[in-house]
Amino acid sequence: MATDKMNWALPVMRLGYAGRGLTYLAIAGLSLWAIWQGGDAQGTSAALRQIETSPFGMIILLIIGAGLLSYTLWRVIDGVADLEEEGSDVTGIIGRAGMITTGLIHAAIGIAALALVFGRDSGDGGNSRIVQATETIMSAPFGVWLVGLAGLLTLGSGLYYLHKAWSRSYRQKLAANHFTTHWDGLLRLGVAAQGIVVTIIGVFLIYAFWVNDADQAGGLDQTFDWLSDQVYGQILVTFLCVGLLGFALFLFVNAAYRTVPRLSDPDIKSLADELR
């Protein structure tokens with residue numbers, strides 16, 4: 001796939017990251033507010049419904065829906081064409097396959113947001129759509145194995161996020177400026193928090209495959225529920241929500257300052273080069 005005619009993908013990418021950032025900002029912010037009020041963390045479906053009833057809620061949902069579908073389109077294009085030069089070795093293939101998988105997962109949330117805007121919501125919400133999709137796939141020939149593969153790809157993507165946080169390799173794709181230089185620690189925290197979430201979702205999918213039960217699959221809702229049941233669960237959920245606020249910031253920073261090796265100006269100095 002030629003990349004010299006794909007500059008249109010850059011604004012799609014930026015809209016995608018902005019929509020995804022708004023989603024995580026809403027989920028983490030509403031969850032922390034609920035915890036502060038003595039309640040439980042809000043998963044994706046609950047957050048979307050709370051946004052629906054807020055002032056300008058429909059506009060926000062429209063932005064989230066359009067942004068997440070743009071993110072899905074970007075991730076599929078990026079994964080297939082390797083616009084960010086992940087490579088074709090084992091790590092690169094896992095990273096690129098994980099891009100496509102997480103992009104498709106976010107498409108379900110985007111569709112749920114747009115369904116609320118256009119009054120066609122089934123009442124199930126974003127994360128339970130993952131369960132619905134898992135049920136549909138499992139009912140198809142070899143569908144159980146496809147769910148297992150999706151779980152492995154999602155788990156690999158989560159571990160890839162954790163590796164990015166540990167190695168700070170995300171710096172290579174951010175333009176160096178005053179903001180990215182001075183807020184790098186919070187960006188790293190956000191990437192690590194997302195790695196934890198995606199890893200847990202991957203484990204849920206693998207377990208759903210193992211026991212052949214689609215109800216075991218899930219997203220943030222089930223992640224929060226599972227963490228809440230652990231020792232010091234509410235503290236763990238609170239820390240995770242704070243981390244997801246950092247990830248929302250990371251996404252907004254990517255919307256503004258992310259560079260794409262095969263599309264961006266090669267003379268732009270990366271954050272990695274600036275801090276080296």
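Along the sequence shown, residues are numbered consecutively beginning with 1. Just so you know, these numbers come straight off a predicted model, no measurement behind them.
- Here the side chain of T72 pairs a donor or acceptor atom with the backbone of G103 at under 3.5 angstrom.
- I111 CD1 to H106 NE2: the interatomic distance, rounded to the nearest 0.5 Å, is 13.0 Å.
- Side-chain heavy atoms closer than 4.5 Å link hydrophobic residues (I, L, V, M, F, W, Y) into clusters, and following such links, possibly through other members, connects F118 to L116.
- Taken together through direct or relayed side-chain contacts under 4.5 Å among Ile, Leu, Val, Met, Phe, Trp and Tyr, L15 and L174 form parts of separate hydrophobic clusters.
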Working note: S228 + D225, criterion side-chain hydrogen bond (donor to acceptor under 3.5 Å, both in side chains); need CA distance, chi angles, decisive distance, verdict.
CA-CA 5 Å; S228 296; D225 289 343; 5.4 Å; no
Where do Y257 and F252 land on the side-chain contact (heavy atoms from CB on, under 4.5 Å) test, with the steps shown first?
CA-CA 9 Å; Y257 303 122; F252 287 131; over 6 Å; no
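- In summary, E84 and K164 do not engage in a salt bridge, as defined by a charged side-chain N under 4.0 Å from a carboxylate O.
- Here A97 pairs with L153 under the side chain to side chain contact (heavy atoms under 4.5 Å, CB included) rule; sequence neighbours left out.
- With contacts defined as side-chain heavy-atom distances shorter than 4.5 Å, the pair T223/L240 qualifies.
- V242 and I235 fall into different hydrophobic clusters, where Ile, Leu, Val, Met, Phe, Trp and Tyr are joined by side-chain heavy atoms under 4.5 Å apart, directly or via other members.
- No donor-acceptor distance shorter than 3.5 angstrom exists from the side chain of S157 to the backbone of T154, with no hydrogens or angles considered.
- Ring-plane geometry between H182 and H178 is classed as tilted, the angle between the planes lying from 30 to 60 degrees on a 0 to 90 degree scale.
- Here the side chain of R75 pairs no donor or acceptor atom with the backbone of S70 at under 3.5 angstrom.
- Separation of the Y24 and F250 ring centroids does not fall under the 6.0 Å cut-off.
- In this structure, the side chain of D78 does not engage the main chain of D82 through any donor-acceptor pair within 3.5 Å.
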Which is it for L189 and L186 under the side-chain contact (heavy atoms from CB on, under 4.5 Å) test, yes or no, and what are the steps along the way?
CA-CA 5 Å; L189 171 66; L186 191 54; 3.9 Å; yes
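- The minimum heavy-atom distance linking I35 with D40 is given by the pair CG1-C, 4.4 Å.
- R96 places a side-chain N or O within donor-acceptor distance of the main-chain N or O of V80, the cut-off being under 3.5 Å.
- Taking each heavy atom of L162 and A192 in turn, the nearest pair found is CD2-O, 3.5 Å.
- Note on V191: it does not cluster hydrophobically with W166, by side-chain heavy-atom contacts below 4.5 Å among ILVMFWY residues.
- Counting only distance, with no hydrogens or angles, the side chain of Q194 and the backbone of G190 share no donor-acceptor pair below 3.5 Å.
- Annotation: side chain of L245 is in contact with side chain of L32 (closest heavy-atom distance under 4.5 Å).
- Between the side chain of R14 and the backbone N or O of A255, at least one donor-acceptor pair lies under 3.5 Å.
- Separation of atoms CD1 (I64) and CG (L114) is listed at 10.0 Å; rounding is to 0.5 Å.
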Salt bridge (charged side-chain N to carboxylate O under 4.0 Å, His left out) between K173 and E86, worked out
CA-CA 11 Å; K173 295 170 185 173; E86 295 290 339; 2.6 Å; yes
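- Side-chain contact between I63 and I59 is present, with heavy atoms from C-beta onward closer than 4.5 Å.
- The CG atom of L187 sits 8.0 Å away from atom CG of L271, with the distance rounded to the nearest 0.5 Å.
- With hydrogens and angles ignored, the 3.5 Å screen pairs a side-chain donor or acceptor of T53 with a backbone N or O of Q50.
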Go through the steps for R168 and D184 under the test side-chain contact (heavy atoms from CB on, under 4.5 Å), then give the verdict.
CA-CA 9 Å; R168 300 191 179 186; D184 180 58; 3.3 Å; yes
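- Looking only at side-chain heavy atoms (C-beta outward), L61 and F56 stay at 4.5 Å or farther from each other.
- The minimum heavy-atom distance between S31 and I27, with the atom names listed, is OG-O, 2.7 Å.
- In plain terms, the two heavy atoms of C241 and A28 that are nearest each other are O-CB, 3.4 Å.
- No more than 12 heavy atoms of other residues, nucleotides or ligands lie within 6.0 Å of CZ in F239, so this atom counts as exposed by the packing criterion.
- In terms of heavy-atom proximity, Q234 sits nearest to G39 at NE2-O, 3.2 Å.
- Both I196 and V203 belong to a common hydrophobic cluster when Ile, Leu, Val, Met, Phe, Trp and Tyr are linked at side-chain heavy-atom distances under 4.5 angstrom.
- Residue D267 holds its CG atom at 12.5 Å from NZ of K269, rounded to the nearest 0.5 Å.
- Atom CD1 in I206 sits 12.5 Å away from atom CD1 in I201 (nearest 0.5 Å).
- Heavy-atom minimum distance, Y170 versus A165: CE2-CA, 4.5 Å.
- Taking the centre of each ring, Y71 and Y17 come in below the 6.0 Å mark.
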Given side-chain contact (heavy atoms from CB on, under 4.5 Å), test I100 with L104 step by step and report yes or no.
CA-CA 6 Å; I100 296 174; L104 294 175; 4.2 Å; yes
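- The shortest side-chain heavy-atom distance between W74 and L83 falls under the 4.5 Å cut-off.
- Put simply, CD1 on I77 and CH2 on W8 are 3.0 Å apart, with the number rounded to the nearest 0.5 Å.
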